[in-house]
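Have a look at the structure below before the remarks.
Order of appearance sets the numbers: ligands from 1, and atoms from 1 within every ligand.
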Amino acid sequence: MSAQQPTVLVVEDEPAQREILSYNLEAEGFRVARAEDGEQALLLVEEEAPDIVLLDWMLPNVSGIEVCRRLKTRAETRNVPVIMLSARSEEVDRVRGLETGADDYVIKPYSVIELMARVRAQLRRTRPAAVGERLEYEDIVLDSETHRVTRGGEALKLGPTEFRLLSTFMEKPGRVWTREQLLDRVWGRDIYVDTRTVDVHIGRLRKALCQHGGDDPLRTVRGAGYALG
Ligand code: CA
């Protein structure tokens with residue numbers, strides 16, 4: 001199970017370009033959702049909750065700019081990074097001028113290596129654990145590349161589910177996660193797991209975090225869910 005894998009939504013109406021881009025993203029370890037026009041893109045944003053959107057400027061029906069504008073005006077999608085792909089530099093200038101809120105712009109034909117670097121740069125900000133960053137919270141250090149966790153310098157033993165739970169919490173300390181949100185993020189959207197399973201693994205994570213002593217850093221928020229700190 002690799003629910004920590006970030007999901008990239010590729011919005012591109014040219015089938016060949018869509019496939020090449022998706023192929024490269026999958027080879028880099030990303031989960032890919034594909035949309036061939038703006039309407040489908042907006043639907044998939046709701047269904048797949050992507051971590052980042054690669055958005056072609058010229059699309060049939062709803063244009064890339066309009067899709068971007070809508071994503072950036074909705075509270076639920078505002079923080080999802082959008083990289084606009086455009087055929088001409090004049091278009092990129094126009095995108096900038098329009099202030100659609102796109103986070104980055106890439107001109108076609110782009111170098112795949114360059115584009116991958118830009119995708120990672122955006123995800124480093126929003127999904128640091130998913131791209132191998134080292135996370136710290138108080139005396140807890142999580143290295144997502146080596147899968148090692150220490151607290152106060154001492155190694156902690158964690159199961160794979162507890163590791164993914166902790167990564168999720170450490171990406172956004174203080175944020176309250178509902179059980180459903182944790183299920184989506186840690187177990188994945190495609191699998192049915194009972195919400196009580198979340199409580200079981202939270203219990204294991206708490207125990208693991210305190211295995212060498214120290215306070216329980218996880219907070220139960222009555223009627224809402226869980227938070228780190
Ligand atoms: Ca196009």
Counting backbone and side-chain atoms alike, is an N, O or S atom of [X] positioned under 3.0 Å from the Ca ion (ligand 1)?
X: D56; value: yes
X: D13; value: yes
X: M58; value: yes

Closest heavy-atom pair and its distance - V62, R70: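 Heavy atoms of V62 and R70 come nearest at CG1-NH2, 4.1 Å.
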Geometric class of the F169/W177 ring pair [parallel <30°, tilted 30-60°, perpendicular >60°]: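 W177 vs F169 ring planes: perpendicular.
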Carefully, step by step, assess R175 and L228 under the rule side-chain contact (heavy atoms from CB on, under 4.5 Å). CA-CA 7 Å; R175 169 180 166 168; L228 175 68; over 6 Å; no
Can you tell whether the side chains of K72 and D103 come within less than 4.0 Å, N to carboxylate O?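 Answer for the salt bridge query: yes.
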